[in-house]
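Only one structure is covered here, and it is reproduced in the block below.
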Number of protein chains: 2
Amino acid sequence: MGASKKILFTPQQNRLAELAKALAHPARIAILEHLFRVNDCVCGDIVEAVPLAQSTVSQHLNELKKAGLIHGEIEGAKVCYALDPKAWADIKILLGRFLETPNCC
Amino acid sequence: MGASKKILFTPQQNRLAELAKALAHPARIAILEHLFRVNDCVCGDIVEAVPLAQSTVSQHLNELKKAGLIHGEIEGAKVCYALDPKAWADIKILLGRFLETPNCC
DNA sequence: TAAATTCATCGCAATATTACGATCAATTTT
DNA sequence: AAAATTGATCGTAATATTGCGATGAATTTA
């Protein structure tokens, strides 16, 4: 075994875990921070902003896309990546609600 | 290769990724939600709240411990798990600051 | 003391992630 | 048209994660 057992959890729990997973790598944090800074539509200079090989960065971009956090638009030979406002609102609500639950022992 | 290259990123980026990683599994979300609900010091009934084997739950608890989000205190034969208020404040600030960065394209 | 409970850890297997170089298709530039 | 740029994808390899049963150490209960 070793496959994650999504069936056993609620959609909310799975979605929250999925969003967290998208943030669970410093390179992806760095990519998102870069997209924050350059809030104009930014293209593949992301590769230069992250100290990893081009193919690796491409994979990380794909994971962010799969989670719905960003989307890329083809613009000639380049691709324009941008944050997805809808998904971003989503993550704010879900994570916000999660973090603000009254806690503690 | 395959090892994560922490050296290449800032401590903040690594810590944020580490915290996100701790949340990146529905079972761990479920465990934390359970600890939220039972805000009295709760003991190992966590296993019953999560539909996985005891050994697996124990591993997830250990990952939450490693990230500093919870800590367990031995109380006789049982162990009392509770949220760590300090780490929780930490995650709120780091994730909050991250999520509230002005965005978007 | 013997049996039961509680929870961590070990050993194992399956799968996922991380990373890179090489390559490919598409588009630009020369 | 030929060369260069851009960025996705493939192949490969190392390592991490997920999950379970079995076992073990400690404590409780009978």
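Order of the sequence lines sets the chain letters (A, B, ...), proteins ahead of strands, with each chain counted from 1. The figures here come from the full heavy-atom set of this structure, side chains too, leaving out hydrogens, waters and symmetry mates. The shown structure was predicted, so the numbers you read here are calculated from the model rather than taken from an experiment.
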Tell me, please, which residues at least two apart from B/E33 pass salt bridge (charged side-chain N to carboxylate O under 4.0 Å, His left out). none
Has the side chain of A/S58 got a donor or acceptor atom sitting under 3.5 Å from an opposite partner on the base of D/dG7? no
If each of A/T56 and B/C43 is mapped to the nucleotide of DNA chain C with the nearest heavy atom, which maps nearer the 5' terminus, i.e. the 5' end? B/C43
Could you check whether any side-chain heavy atom of A/D84 comes within less than 4.5 Å of a side-chain heavy atom of A/I70, counting everything from C-beta outward? no
Mind checking what makes salt bridge (charged side-chain N to carboxylate O under 4.0 Å, His left out) contact with A/D90, not counting sequence neighbours? A/R15
Could you work out which one of C/dA19, D/dA22, C/dA22 sits closest to the side chain of B/S55? D/dA22
By nearest-nucleotide position on DNA chain C, the 5'-leaning member of B/L61 and A/A53 is B/L61
Taking CG from B/N62 and P from C/dC10, how many angstroms apart are they, rounded to a whole number? 11 Å
Any idea how A/H60 and A/H25 line up, ring-wise: parallel (<30°), tilted (30 to 60°), or perpendicular (>60°)? tilted
Is it true that a side-chain atom of A/R28 and a backbone atom of B/A17 form a donor plus acceptor pair closer than 3.5 Å? no
Using nucleotides 23-30 of chain D, report all nitrogen or oxygen pairs with the protein that are shorter than 3.5 Å.
| unit_1 | atom_1 | unit_2 | atom_2 | d |
| --- | --- | --- | --- | --- |
| D/dT27 | O3' | B/A77 | N | 3.1 |

Rounded to the nearest angstrom, tell me the gap between atom NE2 in B/H25 and atom P in C/dT17. 11 Å
Considering only heavy side-chain atoms of B/R28, the closest of D/dA8, D/dT18, C/dA8 is D/dT18
The side chain of B/K21 lies closest to which of these nucleotides: D/dT17, C/dC20, D/dA22? D/dT17
Return the value, rounded to whole Å, for the distance between atom NE2 of B/H60 and atom C1' of C/dA8. 15 Å
Protein-nucleotide distance (B/K66, atom NZ; C/dT9, atom P), rounded to Å: 11 Å
Quick one: are B/I31 and B/Y81 in side-chain contact, heavy atoms under 4.5 Å? no
Would you kindly give the CG-to-P distance between B/L64 and C/dC7, to the nearest whole Å? 16 Å
Nucleotide C/dT17, atom C1' - distance to CG of A/L23 in whole Å: 16 Å
Just how far, in rounded Å, is P of C/dT5 from CG of B/D45? 16 Å
Using a heavy-atom cut-off of under 4.0 Å over every strand shown, decide if A/Q59 touches base, sugar-phosphate, or nothing. base
A/V47 reachable from A/I74 in the ILVMFWY side-chain graph, under 4.5 Å edges: yes
Here the distance between atom P of D/dT9 and atom CD of A/E63, to the nearest Å, is 13 Å
